[in-house]
Chemist: 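Quick one: this structure, given as structure tokens, is what I'll be asking you about.
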Amino acid sequence: MVADQLGVRPSYCDVVDLGGATATGMIWRAAAAIDAGVCRAVLCVLAEAPDPRPGVRSPTWPALPNAQWERTYGSLGPNSGYALAAARHAHLYGTTDEQRAKVAVDQRTNACANPESLFFGRPITVDDVLTSPLICDPLHLLEIVMPCFGATAFVVARGDVARASTNVPVRLRGFGEQVSHSSLVSMPDITRTPIVESSRRAYETAGVGPGDIDVLSLYDCYTITVILSLEDAGFCAKGEGGPFVADHDLTYAGDLPCNTHGGQLSYGQAGLAGGASHVTEAVLQLRGEGGARQVPDCGLALVNGNGGILAEQCTLVLERGDA
Amino acid sequence: MSGSAEVEGIPPRPVPESSPYGEPYWAAAVDGRLVIQHCPRCDRLQHFPRPWCTACLHDELDFVDVSGRGTVYSCTVVRRNPNPAFATRVPYVLALVDLDEGVRMMSNVVDCAPEAVTVGARVRVCFETVDDTHAVPCFTLDPEGT
Ligand SMILES: [Zn+2]
């Protein structure tokens with residue numbers, strides 16, 4: 001459909017749906033198609049449009065397989081699933097509401113430096129997060145993504161094509177993907193995500209480690225997702241994510257810049273395009289086009305996409321390509 | 001049995017679509033028994049029921065009675081649910097329960113203050129009638145449970 005609208009006759013067409021990991025998953029698939037000689041450049045498009053049916057006002061989400069066994073119990077899918085992970089993490093490791101709230105506050109600070117974010121100009125405090133309504137204990141309203149409509153597109157191209165572009169090229173230096181389960185009951189430890197494997201492969205193929213990364217783009221459907229991602233991508237030990245986010249400044253001006261566009265929590269989540277915002281933000285930062293929120297000397301970015309309830313993970317290492 | 005939660009004008013809990021491999025689970029629940037799908041070839045339990053064993057792909061599975069006792073692996077209090085069937089239930093406890101037999105299932109912990117349910121709490125099964133062919137296994141706190 002996109003090809004027809006644009007008048008393009010592609011030699012390669014695909015549909016990717018890995019939930020929140022779709023955008024990162026698209027990138028290595030596109031790169032693999034280019035490596036296989038199937039094409040030279042791949043246009044990746046992700047969009048969430050309003051439902052044309054009258055009365056339907058919010059994005060619709062496909063039911064996860066096996067959801068029927070959970071609907072009986074009033075499962076809300078992601079909201080209750082991530083709440084169960086947060087509750088278990090709090091029980092095992094003593095992670096506090098204040099520590100999780102810090103993630104939302106730092107990302108809001110980032111959003112306030114990004115005029116394109118949904119919550120631009122509206123800073124929040126830890127108190128604001130903790131006094132927002134509980135939705136699924138222990139998660140509060142301000143720990144949950146803001147659904148919205150929108151679209152994202154990016155081009156993955158062969159090196160010579162990218163270098164001929166007017167933009168500073170960004171190189172895919174490494175990637176890893178891991179899917180572990182569909183239903184939450186099939187996840188052996190709901191505080192340990194397959195980011196452990198996807199990030200390890202991304203680091204190995206890139207030949208770098210967590211200490212080399214200048215900017216982080218970690219899929220953030222909930223505050224707890226960022227904490228679990230930091231642990232499983234090797235920035236701190238399992239269980240130490242709470243104190244870690246309390247001790248580090250995750251803003252664009254901080255010691256560990258993370259989700260500098262505001263993340264989905266504050267930038268907005270336009271369906272599958274939500275996870276693409278982590279990719280485009282990393283690209284802007286690497287190009288030095290971050291404007292008021294630019295991270296200085298930004299050469300290497302880690303981007304993680306997370307789909308389902310901590311189920312589908314695809315991690316990328318992106319590098320400024322003109323060095 | 002913890003009886004029926006039928007309330008005038010409120011739709012009942014949604015129940016899973018009927019499937020040949022899930023039917024024995026629901027039939028047992030109507031009888032007040034909790035059963036779990038079992039693979040006679042590799043002697044493994046799995047939940048929820050599937051057409052085959054996810055460990056060895058054997059597709060002639062049976063069901064075995066379990067004790068109905070378990071431990072809360074994690075729990076959350078759901079405070080909002082747009083589904084009308086849950087309008088009068090909020091706030092309610094959604095939990096992952098580890099049965100003593102080693103199987104994890106999603107369920108509700110009922111008949112107590114939601115805040116009383118904690119990770120690690122001992123629970124035992126009870127059943128809530130939905131209709132003539134469906135009862136839903138839920139759990140109650142079981143402080144004496146060992
Ligand atoms: Zn088997």
Side-chain angles (χ1 to χ4, degrees), chain A residues 55-58 60-61 63-95 132-141 143-144 147 180-192 222 224 228 309-310, chain B residues 12-19 22 25-26 29 46-50 54 72-99 102-110 114-115 117-121 128 130 134-139:
Chain A
V56 181
R57 295 178 61 185
S58 55
T60 50
W61 294 87
L64 290 169
N66 320 321
Q68 52 173 324
W69 289 88
E70 303 182 351
R71 266 201 306 271
T72 293
Y73 296 110
S75 163
L76 297 178
N79 275 1
S80 50
Y82 284 89
L84 288 165
R88 178 86 185 160
H89 201 269
H91 171 79
L92 288 178
Y93 305 116
T95 313
S132 68
L134 274 167
I135 303 299
C136 285
D137 297 13
L139 297 179
H140 301 78
L141 181 65
E143 298 185 71
I144 301 176
S180 67
H181 63 280
S182 171
S183 171
L184 201 56
V185 296
S186 306
M187 189 175 184
D189 176 351
I190 63 173
T191 67
R192 181 207 181 275
Y222 300 85
I224 185 66
L228 296 176
I309 300 174
L310 301 167
Chain B
R13 285 174 186 266
V15 292
E17 298 149 25
S18 68
S19 61
Y25 179 87
W26 298 108
Q46 70 181 12
H47 183 74
F48 39 87
R50 296 169 174 87
T54 59
V72 173
Y73 175 76
S74 191
C75 57
T76 178
V77 182
V78 178
R79 297 184 181 270
R80 296 167 185 228
N81 188 333
N83 184 334
F86 293 93
T88 58
R89 293 178 183 271
V90 288
Y92 57 89
V93 176
L94 183 74
L96 296 173
V97 173
D98 282 346
L99 297 178
V103 172
R104 185 170 302 158
M105 59 186 289
M106 183 174 281
S107 189
N108 297 132
V109 181
V110 298
E115 290 77 11
V117 183
T118 53
V119 179
E128 187 183 295
V130 177
H134 288 96
V136 171
C138 294
F139 289 83

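Everything quoted here is computed from the prediction, not taken from an experiment. Order of the sequence lines fixes the chain letters, A, B, ..., with proteins taken first and strands second; residue numbering starts at 1 for each chain.
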Chemist: Determine the option with the most heavy-atom pairs under 4.5 angstrom with chain A, choosing from N83(B), D98(B), V78(B).
Modeler: V78(B)

Chemist: Do the rings of W69(A) and H47(B) sit parallel, tilted or perpendicular, given the 30° and 60° boundaries?
Modeler: perpendicular

Chemist: Checking I190(A) against chain B: side chain, backbone, both or neither under 4.5 Å from a heavy atom?
Modeler: both

Chemist: Any side-chain to backbone donor/acceptor pair from R79(B) onto D137(A)? Under 3.5 Å, distance only.
Modeler: no

Chemist: As an exercise, state the distance from OG of S183(A) to CE of M105(B), rounded to the nearest 0.5 Å.
Modeler: 11.5 Å

Chemist: Give, for atom CG of L94(B) and atom CD of E70(A), the distance between the pair rounded to the nearest 0.5 Å.
Modeler: 8.0 Å

Chemist: I need the residue from P138(A), A85(A), A87(A) with the largest number of non-hydrogen atom pairs under 4.5 Å to chain B.
Modeler: A87(A)

Chemist: Contact between M106(B) and S75(A) at the side-chain level, heavy atoms closer than 4.5 Å - yes or no?
Modeler: yes

Chemist: Just verifying a value: how many Å separate T76(B) OG1 and L139(A) CG, rounded to the nearest 0.5 Å?
Modeler: 7.0 Å

Chemist: List the steps, then state whether side-chain contact (heavy atoms from CB on, under 4.5 Å) holds for Y73(A) with V93(B).
Modeler: CA-CA 9 Å; Y73(A) 296 110; V93(B) 176; over 6 Å; no

Chemist: Report the option among S80(A), A83(A), G74(A), P133(A) that has the most heavy-atom pairs separated by less than 4.5 Å from atoms of chain B.
Modeler: G74(A)

Chemist: Just verifying a value: how many Å separate F48(B) CZ and T72(A) OG1, rounded to the nearest 0.5 Å?
Modeler: 12.0 Å

Chemist: What part of N81(B) is in contact with chain A, defined as an atom under 4.5 angstrom from a non-hydrogen atom: side chain, backbone, both or neither?
Modeler: both

Chemist: Any donor and acceptor pair, going by atom type alone, linking the side chain of R104(B) with main-chain N or O of L184(A) inside 3.5 Å?
Modeler: no

Chemist: So do the side chains of L134(A) and V77(B) get within less than 4.5 Å of each other, counting heavy atoms only?
Modeler: no

Chemist: What are the two closest heavy atoms between A95(B) and L84(A), and how far apart are they?
Modeler: CA-CD2, 4.4 Å

